[in-house]
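Working notes, structure below.
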Amino acid sequence: MKRSHSCGALRGADAGKEVILAGWVSGRRDHGGVIFIDLRDREGLTQIVFNPSLSSEISELAHTLRSEFVVRIVGKVSPRPEGTKNSALATGDVEVLASQLEILNPSETPPFPLDEEGVNEDLRLRYRYLDLRRESMAKALRARHQAALAIRRYLDAQGFLEIETPILFKSTPEGAREYLVPSRINPGRFYALPQSPQQFKQLLMVGGVEKYFQIARCFRDEDLRADRQPEFTQIDLEMSFIEREDIYALIEGLVKTVWKEVKGIDLPTPFPRVKYREALDLYGVDKPDRRYGLTLVDFTETFRTSTFKVFQSAVAAGGVVKAFNAKGLAMVTTGQIEDLTNLAKSHGAKGLAWIKVEKGEWKSPIVKFFSEAEKKTLTEKLKVEEGDLLLFGADQWLAACEVLGFVRIRCAEYLEKAGKLKRDPAHLDFHWVVDFPLLRKDPEHPNMVASHHPFTAPVEEDLQWLESEPEKVRGQHYDLVLNGVELGGGSIRIHKGELQDKVFREILKIPADMVTSRFGYMIEALKFGAPPHGGIALGFDRLMALLLGQESIRDVIAFPKNARGQDVMSGSPAEVTARQLKEIHIQVEGVSGS
RNA sequence: GGAGCUGUAGCUCAAUUGGUUAGAGCACCGCCCUGUCACGGCGGGGGUUGCGGGUUCGAGCCCCGUCAGCUCCGCCA
């Protein structure tokens, strides 16, 4: 074979051995006489020494080595002379005195340095194969493998079967926009790529599999974010004969295993449970970042009879008044206040009321409308001190909470920049968010829509309100949240055909023919003795990003797409030939150049 | 669809109030150098300041437009 050891293997005890190493030239220090080469492979770095007194011919060739040349070296392992050991290197006690050098492949000068961080991401993506040689990417890929392996071992030990489900599926237009795939042999018909294996995993339960999992690729044709790619990976699983608590315990064990095996960190379990209502009330969001305070406080009663009409009328209309203390943010700039106001407005607020506490004074356009009693209540409940900034929301409960939720996060960013708040990535606040409403109002829909998906089972004791007061019904849904990021979610499913049918037709008010054409087979399947079942899906990319402290999931995916959904290395998506289009019965309109 | 930030050498960045020939480190090329590990020394090449237009005696800098990258909102059952 071409090599006897990896570049990370040799130690002092190997001294004297004749070895063969292969790898990339990571750096060279050419002294004119003696030449040092750092030879790198995925396991590490070994110093190679070319000494002209050993072989002038080899040394001559070594002068021509450059970064990223691929070479094979034969030589003798030698302890480094005293005083030249490198304790920063695992192999730093030894070096290899080269007696043979073979250039397996030269390299162009790399377009960016491989030993530095902070390089333009566009360039990294264009040369992703070089980027992957960098330590941080190599580590991420290895950690991802370790995590996947730990997950497979854990779930196997729990009795799960890994089963693949189709990638070419059927369009179900509810929910995320799908990628469509035209069928050549069925003109005018389309497959859709699955946004998740949801329906198949339920059908596997009907099929008696009992415990299924898959590290599944999912596809969603929506706009991208730092934590959203058009194709992404879910740890998807489903179990029969279970309740919610069974999923919590299973996933807590799984997450614990991953953090232990990849990072050596012992996570405390069980994870706390947070009710949806409480999450909104305190943090204004259903995936709260609880590492810092700035929690929302209710002042509805305080302002019920206020002379400040904006608050009073919001309460009179059945709404609430909420506020939080952005502690220490009185140094906020006018621009930042404007920014916060625009943020509030973009989420439907009419404006954003604020109060700065500076030099013992309350500075604000609205403070003149407040009574002494109102000020006193605010001071007490918000623990107002010099240097604070108070921010208010007055609207219907959900809208007021959500607006302040966004404002709260932005304030935390400002405070963090000013060094007054720390969102420590080492602080791992895992928690379950539970008791979500089964249904919600959607301004774009005349009827209520499922807040998660239409297969979620209602909470048993709330079933009585399904027709009379559907907004009161909780779903048996749960989200796993870590530090303000939704890591995953799932539910106990509806396992009876009659109830599923009723939810589609009577609650979601989907036309009967549409129910039949899109979900008929699901409803039918549930009528053939479907066991009670439920499951969950965790975002594997997000999990890896959080595990490794990366801001973007692109840094834990080998070949991600940029913010426009393009692969700038291969140049996809790309145009296709007229012939290809004809074969699949597609005509492209209104696009220049096609 | 909307908002913000960014765009200067291969890379990372600098360039006073609008002012002479746009600089530095690294990388690259040449020469020198036998114990370095961010090797060192001497020398050299390399720029449509993203692109287009405008203001001005004069624009990397100001204005308008446009393109690209990123972030956020909308969207993500």
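Given the structure is predicted, the values throughout are model-derived calculations rather than measurements.
C57(B) is paired with G19(B) under the criterion used here, namely a Watson-Crick or G-U wobble arrangement in which both key atom distances are under 3.5 Å. As the counterpart of U34(B), no nucleotide is assigned, since no Watson-Crick or G-U wobble pattern has both distances under 3.5 Å. Nucleotide C26(B) is matched to G10(B) when pairs are restricted to Watson-Crick or G-U wobble geometry with both distances under 3.5 angstrom. When both distances must be under 3.5 Å, the Watson-Crick or G-U wobble mate of C5(B) is G69(B).
With respect to Phe50(A), the side chain to side chain contact (heavy atoms under 4.5 Å, CB included) criterion is satisfied by exactly one of Leu61(A), Val34(A), Leu65(A): Leu65(A). Tested against Arg493(A) for a side-chain hydrogen bond (donor to acceptor under 3.5 Å, both in side chains), the candidates Gln202(A), Gln500(A), His453(A) yield a single pass: His453(A). Only one option out of Asp479(A), Ile235(A), Asp236(A), Ile251(A) pairs with Ile536(A) in a side chain to side chain contact (heavy atoms under 4.5 Å, CB included); it is Ile251(A). Paired with Ile48(A) under the rule side chain to side chain contact (heavy atoms under 4.5 Å, CB included), one option of Asp38(A), Ile35(A), Ile73(A) passes, and it is Ile73(A).
Residue Glu95(A) places a side-chain atom within donor-acceptor reach of the base of G35(B), judged by atom type and a 3.5 Å distance cut-off alone.
For Arg554(A), a side-chain nitrogen or oxygen approaches OP1 or OP2 of U71(B) to under 4.0 Å. The side chain of Gln566(A) contributes an N or O atom lying less than 4.0 Å from OP1 or OP2 of G69(B).
Across the P atoms, C75(B) and G69(B) are found 24 Å apart, a figure rounded to whole Å. For the P atom pair drawn from G50(B) and U16(B), the interatomic distance equals 15 Å after rounding to whole Å. Atom name C1', nucleotides G23(B) and A9(B): the rounded distance is 10 Å, in whole Å. Atom name P, nucleotides C13(B) and G53(B): the rounded distance is 29 Å, in whole Å. Nucleotides U8(B) and A22(B) are separated by 8 Å at their C1' atoms, to the nearest Å. Rounded to the nearest Å, the gap between the P atom of C26(B) and that of G41(B) is 8 Å. Taking atom C1' in both C57(B) and G52(B), the straight-line distance is 23 Å, to the nearest Å. The gap from the P atom of U66(B) to that of G2(B) amounts to 10 Å, rounded to the nearest Å.
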So which protein N/O to nucleotides 37-44 of chain B N/O distances come out below 3.5 Å?
| from | atom 1 | to | atom 2 | distance (Å) |
| --- | --- | --- | --- | --- |
| C37(B) | O4' | Arg29(A) | NE | 2.9 |
| C37(B) | O2 | Gln47(A) | OE1 | 3.4 |
| C37(B) | O2 | Asn86(A) | ND2 | 3.2 |
| C37(B) | N3 | Arg80(A) | NH1 | 2.7 |
| C37(B) | N4 | Arg80(A) | NH1 | 3.4 |
| C37(B) | N4 | Thr84(A) | O | 2.2 |
| C39(B) | N4 | Asp30(A) | O | 2.5 |

What N/O pairs connect the protein and nucleotides 10-13 of chain B at under 3.5 Å? Give each pair on its own line.
| from | atom 1 | to | atom 2 | distance (Å) |
| --- | --- | --- | --- | --- |
| G10(B) | O2' | Pro111(A) | O | 2.6 |
| U12(B) | OP1 | Asn120(A) | N | 2.8 |

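Rounding to whole angstrom units, CZ of residue Arg126(A) and C1' of C70(B) are separated by 15 Å. If you take CD of Gln195(A) and C1' of C76(B), they are 9 Å apart, rounded to a whole angstrom. Straight-line distance from the CD atom of Gln229(A) to the C1' atom of C70(B): 13 Å, rounded to whole Å. Rounded to whole angstrom, the span from the CG atom of Asp479(A) across to the C1' atom of C76(B) amounts to 13 Å. Atom CD of Glu486(A) is separated from atom C1' of C76(B) by 10 Å (rounded to the nearest Å). Between the CG atom of Leu39(A) and the P atom of U36(B) there is a distance of 21 Å, rounded to whole Å. Distance CG (Leu54(A)) to C1' (G35(B)): 15 Å, rounded to an integer number of Å. Regarding Asp227(A), its CG atom lies at a distance of 10 Å from the C1' atom of C76(B), rounded to whole Å.
The main-chain N or O of Leu296(A) is never found under 3.5 Å from a side-chain atom of Tyr283(A) such that the two would form a donor-acceptor pair.
Candidate nucleotides C70(B), C28(B), U71(B) were compared by shortest atom distance to the side chain of Ala226(A), and U71(B) ranks first. Among the nucleotides U71(B), G74(B), U34(B), the one closest to any side-chain atom of Ser53(A) is U34(B). Taking only side-chain atoms of Arg225(A), from C-beta outward, the nucleotide of C70(B), C75(B), C29(B) with the closest atom is C75(B).
Listed by chain and residue number, Arg505(A) satisfy the salt bridge (charged side-chain N to carboxylate O under 4.0 Å, His left out) test with Asp501(A) (two or more places apart in sequence, or in another chain).
Within the 4.0 angstrom heavy-atom criterion, only backbone atoms of the sugar-phosphate kind lie near Arg220(A); the bases stay farther away.
Here the side chains of Pro194(A) and Thr165(A) are not in contact, with every heavy-atom distance at 4.5 Å or above.
Comparing Val34(A) and Val568(A) by the nucleotide of RNA chain B that holds the closest heavy atom to each, the one mapping nearer the 5' end is Val34(A). For the pair Gly175(A) and Asn562(A), nearest-nucleotide mapping onto RNA chain B gives the more 5' position to Asn562(A).
With no hydrogens or angles considered, a side-chain donor-acceptor pair links Glu178(A) and Thr172(A) at under 3.5 Å. Using a 3.5 Å distance cut-off with no hydrogens or angles, the side chains of Ser196(A) and Gln234(A) do not pair a donor with an acceptor. The closest side-chain donor-acceptor pair between Tyr521(A) and Gln199(A) falls under 3.5 angstrom.
Open room surrounds CD on Glu135(A); 12 or fewer heavy atoms of other groups in view lie less than 6.0 Å from it.
Checked for salt-bridge contact, Lys441(A) and Glu471(A) miss the test: no charged N lies under 4.0 Å from a carboxylate O.
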